[in-house]
Each structure stands twice: as structure tokens, then as C-alpha cells.
Amino acid sequence: MPELPDVETFKRYLDATSLHKTIAEVDVRSERLVAGATPDELASTLRGHAFTSTRRHGKHLFALLDGGGALELHFGMTGELEAYQDSGREPEYAQAVFAFENGDHLALVMPRKLGELRLVDDVDAFVEEQALGPDALDDAFDADAFVRALSGRRGMIKSALMTQELLAGLGNVYSDEVLFQAGVHPRTKVADLDEAKLGELYRTMRRVLRVVVDHRARPDELPDGYLTGRREEGAPCPRCDGEIRTIEVSGRTGYYCPDCQD
DNA sequence: CCTATAGCCTGACGGC
DNA sequence: TGCCGTCAGGCTATAG
């Protein structure tokens, strides 16, 4: 789930539920979730402080702290946020719980422990260290920058779109959606797409990401004609009479319509 | 430079 | 019902 539109939704959720509340305690249930520190160190650093604002870069969310620095959250394949008040209402699979002094809680819910929490001094430095490409929805990431990011690539377009070092934010699901909306086959070689086609792909990508964010990344609520809610072998194509098929690309199972995408 | 593979971790689902 | 294999929306390391 957690690709750019999902993480953007989490960001807005955190903004709406958990800013400017003093952190009383942080309970991390899995040591492996915390990068670069122990759960105790994480807790003692956060205790007594508050999240003041958030940033997002690709699939990474940053909760900025009063006094500087930030908590980086990465959601792996299954992570999400859930706020609640009564501690008896803690959701199942909560791997980290932030308890605020006012009695509110924010849980990082993650059935599979493939995410990450990390204290960072500086968000921009983190993005650089991780060698993340520009955020796919960043204002400064224009069509020229998109073409530049993909130029020289010898592999398949779906692989390139999912490579976070080139551009940050797309994963398996939304790379499929973008390619479906653009009518481009997932295994198309990047080198076979001319600049005009790449420009078209860029505009499609931006539109898809904005639309999905506007719908809070809920597959069932996306407009007619979207593939994301129909990720099932043999499902009817939302745009033609054909059927959705799966295809293996870079070790991931992609969904596409053989009739609409070539 | 790029792809394939395995591994991390654990729940859901289908088949027998 | 129970057991087992397979798969799952991320990412990394390794080998070719």
C-alpha cells in the first residue's frame, strides 16, 4: 500500500491528529524497526517533545520535532497510521505507539515488520544520503527533469518508474496505474520511448498521483477507468472489453491490459 | 548499468 | 478443521 499517495494521506492524517502534542512515551515493540538507535534511545529522545510539522519525500514521511531534527517513518509493505484516544483501543499489530501527554495516541500499525523509524538531524541530508531521486510530485520536478532522470536507462519502463534513486514515490501499484493510463506496456524499453512519449508519460504520472491523493489513496473510491481497484487476474478492463493480466517485471507482479497497453 | 534471486517478516488465502 | 504452500502494495545485498 504505502506508495507516494498513501504516504501523503498518512502525512495529512498525522497533521490532523498528532501535531503540537507533547510526547509522554514511545513504545516500540520491535527492535529491528528502529534504525541507528535502540528503541530506548528513540523514546528518550522524543519524550517531552512534540511534532511541529511534517514533510514527505517519496515514500518517506518525516515528523519534524520542536527543537530540531525529525522522526523518519517508512511504512514498508503494510504500514499505516492510526490515532486513537483510549489506550484500550490500541489497534492490532501496533508496532510503535506514541502516547501524548493529553491522552491521545498515534500508532504505527504494521503486520509485517518491514518498515523503519529513524531519528534524523536534517531531512535534506537524509534524502541525499539515501540517494533518493526527486519526489514525483515536487513542483520542481518538471517534464525535463523526468526525461533527464530516465535518460540513458537501458531497462524496462516499469522498473525505472519504481527505482527510487531516479524518482521517488512510485511502487508496484502506481507504476502499473500510470502505465495503464498512458497506454504503455510495462515491459517497454525506456530507450524505445521518445521524448514526446516520455513527456506524455510524465503528465499522466502527475495527474494519476494527484487524483489518487485527492481520493485519499482508497482504491475503491478512484474514478471509473482506474486499474488500481481491479488488481485481479482476469478482471474486466475498465477501459475496453479485454481482461486484466499479470506480468512479471523485475520480480514484481504487475497488472496490465494487453489490449490497451502496447 | 541492469536483471534475477533470495532474504527480511508475518498474515491471508486457497487447496487438499 | 488443520496443515501447507504461495503470495503480498518495500527494500537490500549479491551474483551474473
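Numbered from 1 within each chain, the chains take letters A, B, ... in sequence-line order.
For the OP1/OP2 pair of B:dC8 and a distance below 4.0 Å, the side-chain nitrogens and oxygens of A:K113 include no atom meeting the criterion. For A:T78 and B:dC9, the shortest distance from a side-chain N or O to OP1 or OP2 is not below 4.0 Å. OP1 or OP2 of C:dC11 has at least one side-chain nitrogen or oxygen of A:K59 nearer than 4.0 Å. Contact between the side-chain N/O atoms of A:R153 and the OP1/OP2 oxygens of B:dC1 is not found at any separation under 4.0 Å.
Within residues 176-189 of chain A, no residue has a heavy atom under 4.0 Å from DNA chain B. For DNA chain C, the neighbouring residues in residues 114-134 of chain A, judged by any heavy atom under 4.0 Å, are A:L114.
For B:dC9, there is no paired base (Watson-Crick or G-U wobble, both distances below 3.5 Å).
Between A:F10 and A:F75, a ring centre-to-centre spacing shorter than 6.0 Å is recorded.
Closest to the side chain of A:V173, from the set B:dG11, C:dG9, B:dC1, is C:dG9. Out of C:dG9, B:dC9, B:dA12, the shortest distance to the side chain of A:P219 is found at C:dG9. The side chain of A:R231 has C:dG9 as its nearest neighbour among B:dC9, B:dT3, C:dG9.
If you take CE of A:M110 and C1' of C:dC11, they are 13 Å apart, rounded to a whole angstrom. The CD1 atom of A:I157 sits 14 Å away from the C1' atom of B:dC2 (whole-angstrom rounding). Rounded to an integer number of Å, the gap from CD of A:E31 to P of B:dC9 is 12 Å. One interatomic measurement links the two molecules: CD of A:E165 to C1' of B:dC2, which rounds to 13 Å at whole-angstrom precision. Taking atom CZ on A:R112 and atom P on C:dG9, their separation rounds to 9 Å, with Å as the unit.
Nucleotides C:dC3 and B:dC8, compared at atom C1', are 24 Å apart to the nearest Å. The separation of B:dG14 from C:dG9, taken at their P atoms, amounts to 16 Å, rounded to a whole angstrom.
Using a 4.0 Å heavy-atom cutoff across all strands shown, A:M156 reaches sugar-phosphate atoms only and no base atom.
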